[in-house]
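Only one structure is covered here, and it is reproduced in the block below.
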Amino acid sequence: MNNEGVDTRRLALLCELSRLGTMRAVADSLHLTTSTVSQQIAALSKEVGRSLVEADGRGVRLTPAGRRLVEHGTRILEAVEAAQSDLDVGAEPSGTVRVAGYFTAIRDFLLPLLARLSTEHPRVRLLVREHEPAEALELLAADEVDLALTYDYNLAPAPVDRSMTAEPLWTARWGLAVPESLDVPAGDSAEVFSRCAGLDWIVNSRNTADETVIRTLSSMAGFTPRLSHQADSLDLVQHMIAAGLGVGMLPAGRTALPGVRFVPLNDPPVVLRAYAVARYGRFQWPPLALVRGLLLART
């Protein structure tokens, strides 16, 4: 076989010859001349370095090499057709979408899509991994996942690599959770933080974005925060605050536990911004475009 490989169009002609039996039948089926079919199969024989047809009375038949090539060719052509269909933006989505995302995005936005996918798009499957943004982006860069669900804050922006595309999904206001007994009146963010200058702070154990926000607002309030505790679970952060370990940022819409009070953060506000991130050009892949669209529809 030469270094240029096999022309799949010629391979298709050989498979049709195996199916239909004569050069004339292949020519009629594909609206070609018999001479063209004969020339293309001769060219295919040259490509593979084997005689693929032999004379059989007034017609031809496949040689053993020709029959073996048809066996391989059928599978090859099926794979090519499946790939073209998979990449066709107008085709019914089909495939496995590998997703890495943070806990809240998976629980509140991705998992509710499963029932709809199973009924309306049963050929699309999700593989889900729970990771913080930096971890998810590393997996995306290594092509180990197709979609990363990430977030940053307006006060701690996290630009993505130029090889990736980030689509905004939703935003959420965050506030400061404090022990209920602590006198922290509402005000602008720097004023709220100044009331907590001498306290311990609880930050995320797997992401430094909220730490950056806390340091920024603390600097505006004129102090350096004492970052004493780390927790990945937002529920655990609340329990730690209720136990008197310190204060921490949490989504403003959460229900406060007994002993915990939420203080709004305004001027500047603290806003979490969620994104769907894929490698450049991958959002055109139908299964991934479908999942992205469904996520956007939930925001």
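The structure presented is a predicted model; accordingly, all values stated were derived computationally and were not measured. The first residue in the sequence is number 1, and the count goes up from there.
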Would you say [X] and [Y] make side-chain contact, with heavy atoms under 4.5 Å?
{"X": "E138", "Y": "H131", "result": "no"}
{"X": "V124", "Y": "S94", "result": "no"}
{"X": "R282", "Y": "D143", "result": "yes"}
{"X": "R173", "Y": "N266", "result": "yes"}
{"X": "P133", "Y": "Y151", "result": "yes"}
{"X": "P251", "Y": "L272", "result": "no"}
{"X": "C196", "Y": "L176", "result": "yes"}
{"X": "S51", "Y": "S45", "result": "no"}

Looking only at non-hydrogen atoms, find the nearest pair between [X] and [Y] and report the distance.
{"X": "R107", "Y": "P112", "result": "O-CD, 3.5 Å"}
{"X": "P287", "Y": "V97", "result": "CB-CG2, 3.7 Å"}
{"X": "L137", "Y": "M164", "result": "O-CE, 3.7 Å"}
{"X": "L77", "Y": "C15", "result": "CD1-SG, 3.9 Å"}
{"X": "D152", "Y": "A158", "result": "OD2-N, 3.0 Å"}
{"X": "D146", "Y": "A278", "result": "O-CB, 3.7 Å"}

When R292 is tested against each of L290, L296, L288 for side chain to side chain contact (heavy atoms under 4.5 Å, CB included), which residue passes?
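Among L290, L296, L288, the one meeting side chain to side chain contact (heavy atoms under 4.5 Å, CB included) with R292 is L296.
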Measure from the side-chain N and O atoms of [X] to the backbone N and O of [Y], and report whether any donor-acceptor pair falls under 3.5 Å.
{"X": "H229", "Y": "G246", "answer": "no"}
{"X": "T63", "Y": "G66", "answer": "yes"}
{"X": "R226", "Y": "W201", "answer": "no"}
{"X": "Q230", "Y": "R206", "answer": "no"}
{"X": "S189", "Y": "P268", "answer": "yes"}
{"X": "S38", "Y": "T34", "answer": "no"}
{"X": "S29", "Y": "A25", "answer": "no"}
{"X": "E180", "Y": "V260", "answer": "no"}
{"X": "T119", "Y": "A115", "answer": "yes"}

Check step by step if salt bridge (Lys or Arg N to Asp or Glu O under 4.0 Å) holds for E71 and R67.
CA-CA 6 Å; E71 292 176 2; R67 291 194 295 272; over 6 Å; no
Treat each ILVMFWY residue as a node, draw an edge where side-chain heavy atoms are under 4.5 Å apart, and state whether [X] and [Y] are in one component.
{"X": "V263", "Y": "I214", "value": "yes"}
{"X": "V271", "Y": "M249", "value": "no"}
{"X": "L140", "Y": "W285", "value": "no"}
{"X": "L147", "Y": "L294", "value": "yes"}
{"X": "V99", "Y": "F103", "value": "no"}

With a 3.5 Å cut-off and no angle check, do the side chains of [X] and [Y] form a donor-acceptor pair?
{"X": "T33", "Y": "T36", "value": "yes"}
{"X": "E135", "Y": "Y102", "value": "no"}
{"X": "S163", "Y": "D161", "value": "yes"}
{"X": "S35", "Y": "Q39", "value": "yes"}
{"X": "Y275", "Y": "R273", "value": "yes"}

If you take the centroid of each ring, where Trp contributes its six-membered ring, are F262 and W174 closer together than 6.0 Å?
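Distance test on ring centres: not under 6.0 Å, no.
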Step by step, work out the salt bridge (Lys or Arg N to Asp or Glu O under 4.0 Å) result for E16 and R19.
CA-CA 5 Å; E16 283 294 279; R19 185 175 71 89; 2.8 Å; yes
Taking everything shown except R261 itself, do over 12 heavy atoms lie less than 6.0 Å from its CZ?
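Counting other residues, nucleotides and ligands, CZ of R261 exceeds 12 neighbours.
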